[in-house]
> 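Pasting in a structure now, in structure tokens, and then I'll have a few things to ask.
Both counts, for ligands and for their atoms, begin at 1 and track the order of listing.
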Amino acid sequence: MNNKKEKTNTIKNNIYMLKFIFKHTPFMVFGYLFFDVLANLPWTLSNVVLLKYIIDVATEGRDYYRIAVALAFFVVFVVITNLFTTLFYEVSMPKQKEKLYFAVYKTIYEKAAKMDYEAYDNPEYYNDLVLAMNSMNERAYTVLQDAQDVLTNVISVLTIGAVVVSIDPICLVFVMVCVAIMTPIGRLIAKVNVERTEAMTPLDRKNLYFSRVFYLQDYAKELRLSRAGAMVERRYNRNIFDRLKTISPYLTKQWKLYFCQESLPMTLLIYLGITLLMGYKAIVTKEVTMGDFAATFNGASSISTSVFALTSHLAINVRENGLYVEKFRRFMNAKEKMISGTKTTVFEKPHVIKFENVSFKYPGTEKYVLRSINLEISPYKKIAFVGYNGAGKTTLTNLLLRLYDVTEGAITIDGINIKEWDIKSYHKNFAAVFQDFSLFGATLGENVSMDDCPQKEKVEDAIKAADFDRKLPNGTDSILLREFDDDGVSLSGGEAQKIAIARAFYKNCPFAILDEPSANLDPVAEYALNQSMTKAANDKTVLFISHRLSTTVMADEIYMLENGEIIEHGSHEELIKLDGKYAYMFRLQAEKYN
Ligand code: ADP
């Protein structure tokens with residue numbers, strides 16, 4: 001039952017991918033299937049029909065010119081088919097392949113960009129995304145290639161089978177017995193292959209980790225400055241050893257099965273059985289011609305080879321394709337959980353933000369990281385969130401940005417639950433600078449405007465406000481990062497952060513959220529940033545998270561969080577007077593400066 005279901009799924013998944021390819025590159029599917037059949041047909045037929053004709057003409061002592069004419073027709077046929085097939089494979093196919101890869105990646109990017117942010121916390125979704133990114137383009141192409149191989153072999157079995165049967169149906173009995181033995185062995189091979197893949201999967205994952213360590217720049221510094229390289233290499237060597245040990249028994253099993261499948265039935269039934277029988281009929285009883293003898297021998301071995309291909313490696317490939325496509329489909333069918341509202345209001349000026357009894361736990365976890373948060377932020381206020389690492393500050397801003405939905409309670413702006421907004425419109429109300437911001441392989445202007453039509457003057461004002469004073473060779477048109485351009489500009493951590501801050505100035509929204517905006521800045525730059533933020537943020541509500549309490553002095557209100565709860569709230573002076581945890585943290589940092 002399970003087996004049957006798996007088979008149906010395998011076929012469904014392969015067909016799903018073929019339909020996908022057909023939708024984006026119909027000519028590729030048509031061309032691939034048609035031209036391959038066209039390219040193979042002359043050779044399969046010449047092995048049987050032409051051979052029989054030539055031998056019969058020769059042994060019957062008929063005119064030689066008949067052979068010459070047959071060969072001439074054959075050559076013309078081959079040249080014409082070659083003309084079209086090479087044109088297709090060498091000129092059209094590479095372009096079609098590019099189109100297919102483009103379609104696969106575009107589909108994946110669009111889906112990934114649409115998914116909820118929280119989907120990245122779901123390992124199943126994330127694994128599917130990584131797998132789709134890494135292998136679906138090649139896999140789509142493999143699905144098509146295997147479909148083509150299946151079709152070619154099936155056509156070969158049918159056409160040659162018909163010729164062989166027309167000569168002597170008894171040959172078909174030999175072939176069928178041969179197939180009857182080969183098929184279950186083929187199934188066993190496929191089963192061992194699946195077991196092998198499953199056993200190797202955890203080791204493959206480790207391999208991926210090793211290659212990541214050696215190609216990502218994130219690891220490069222530490223690998224150079226420490227002995228971590230040797231540590232990773234030792235584990236890598238161990239993994240190679242484990243791989244060889246794991247794979248060995250499966251290889252032996254597969255070798256035995258391949259040997260039994262390929263050599264025994266083929267040797268005994270086709271090479272020996274048919275040769276003896278048809279040879280006897282041709283030479284002793286003269287029931288068939290010498291041409292028939294040669295044609296049945298070639299035809300039977302060609303059918304067996306095709307059946308062998310269909311039941312062994314093609315069956316394995318098609319099944320493997322099915323498993324990959326299954327994961328791709330799961331990724332594509334993953335549903336967004338976050339429901340978008342209909343409100344499209346983008347405020348001109350700030351309004352009251354309220355957290356009403358908000359509690360939150362991350363999806364798939366049991367622990368509340370925020371508990372019963374109640375706060376009210378009046379328009380135009382500068383609000384600082386402080387607390388130890390893991391207190392819940394970033395989570396709080398994530399909820400306000402609706403990257404996650406609250407587990408309990410509600411967040412409102414101007415009395416309206418933020419869930420009522422269309423998510424995209426809602427985000428237009430916020431300029432956010434994240435701790436883990438990213439720069440993109442695009443121009444400085446585009447990196448600030450975050451779209452592909454930056455307004456030059458506005459960009460210049462924004463980078464000036466963010467205190468970015470480095471002169472780049474092409475000004476705001478200079479490309480950042482080296483991935484797309486050899487002349488791309490590399491920036492220091494502080495410079496990169498200023499660009500991230502400039503985005504907030506450029507976007508000019510009623511609400512700004514800054515998560516550790518000065519983490520990478522030196523004290524002078526931090527002071528300059530505070531000055532320009534105070535100036536630029538007059539007409540905005542600003543929420544910022546900071547570990548440097550020197551920046552919180554300028555805040556109108558400070559919220560101190562601990563273990564997901566607000567433990568202190570007030571202005572800097574009030575909290576210092578309270579002499580609680582904030583005052584303790586502040587004194588600790590101030591002492592260092594003294
Ligand atoms: P802070 O910004 O105050 O340092 P965070 O809001 O980042 O703290 O984290 C609060 C708690 O939530 C921490 O215990 C952290 O481990 C946990 N946490 C953060 N992000 C996730 C996540 N994506 N999935 C599960 N737990 C998370």
> Identify the closest protein heavy atom to atom 23 (N) of ligand 1: which residue and atom is it, and at what distance?
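Heavy-atom neighbour on the protein nearest atom 23 (N) of ligand 1: D121 OD1, 3.0 Å.
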> Would you mind running through ligand 1 and noting each atom that sits below 4.0 Å from a heavy atom of N389?
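What qualifies from ligand 1 is 4 (O).
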> Note the single closest protein heavy atom to atom 18 (N) of ligand 1, along with its residue, its atom name and the distance in Å.
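Answer for atom 18 (N) of ligand 1: Y362 CE1, 3.3 Å.
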> Pick from F241, Y209, F210: which one makes a ring pair (Phe, Tyr, Trp, His ring centres under 6.0 Å) with Y236?
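Result for ring pair (Phe, Tyr, Trp, His ring centres under 6.0 Å) with Y236: F210.
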> Does the residue G392 have a heavy-atom contact with ligand 1, meaning some pair of atoms that are separated by less than 4.0 Å?
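G392: in contact with ligand 1 (<4.0 Å).
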> According to the interplanar angle, ranging from 0 to 90°, do the rings of H24 and F20 count as parallel (below 30°), tilted (30 to 60°) or perpendicular (above 60°)?
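Tilted.
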> Counting the benzene-type ring for Trp, do F430 and W421 have ring centres under 6.0 Å apart?
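Between F430 and W421, the centre distance exceeds or equals 6.0 Å.
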> Please compare E118, E562, K393 and report which has the shortest non-hydrogen distance to atom 3 (O) of ligand 1.
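It is K393 that holds the nearest heavy atom.
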> T552: which residues meet the side chain to side chain contact (heavy atoms under 4.5 Å, CB included) condition with it, sequence neighbours left out?
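T552 satisfies side chain to side chain contact (heavy atoms under 4.5 Å, CB included) with A384, V386, F544, S546, L549, I558, Y582 once adjacent residues are dropped.
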> Report the part of Y404 in contact with ligand 1, treating N, CA, C, O as backbone and CB onward as side chain, heavy atoms under 4.0 Å; options are side chain, backbone, both, neither.
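Only the side chain of Y404 comes within reach of ligand 1.
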> Suppose we screen for side-chain hydrogen bond (donor to acceptor under 3.5 Å, both in side chains). Which residues come up paired with N207, at least two apart in sequence or across chains?
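Testing N207 for side-chain hydrogen bond (donor to acceptor under 3.5 Å, both in side chains), a comparison that skips the adjacent residues, returns N239.
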> Quick one: nearest non-hydrogen protein atom to atom 1 (P) of ligand 1, plus distance?
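Here the closest protein heavy atom is G390 N, 3.5 Å.
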> Could you find the nearest protein heavy atom to atom 9 (O) of ligand 1 and give me its residue, atom name and distance?
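Here the closest protein heavy atom is T395 OG1, 3.7 Å.
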> On a heavy-atom basis, which atom in A112 and which in Y120 lie closest, and how many Å separate them?
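What the structure gives for the nearest pair is O-OH, 4.1 Å.
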> Hey, looking at atom 7 (O) of ligand 1, which of L370, T397, V369, T394 has the closest heavy atom?
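Heavy atom nearest to atom 7 (O) of ligand 1 belongs to T394.
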> Are K458 and Y506 in a cation-pi contact, defined as NZ or CZ under 6.0 Å from the six-membered ring centre and within 45° of the axis?
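Flagged: K458 positioned over aromatic ring of Y506.
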> Show me which atoms of ligand 1 lie under 4.0 Å from any heavy atom of A391.
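Counting from 1, the qualifying ligand atoms are 1 (P), 3 (O), 8 (O).
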> Should the pair K540 and F511 be classed as cation-pi, given the thresholds of under 6.0 Å to the six-membered ring centre and 45° from the axis?
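The answer is no; the distance or angle limit is not met.
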> Considering only protein heavy atoms, determine whether one is less than 4.0 Å from atom 16 (O) of ligand 1.
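Given the 4.0 Å limit, the answer for atom 16 (O) of ligand 1 is no, no protein heavy atom qualifies.
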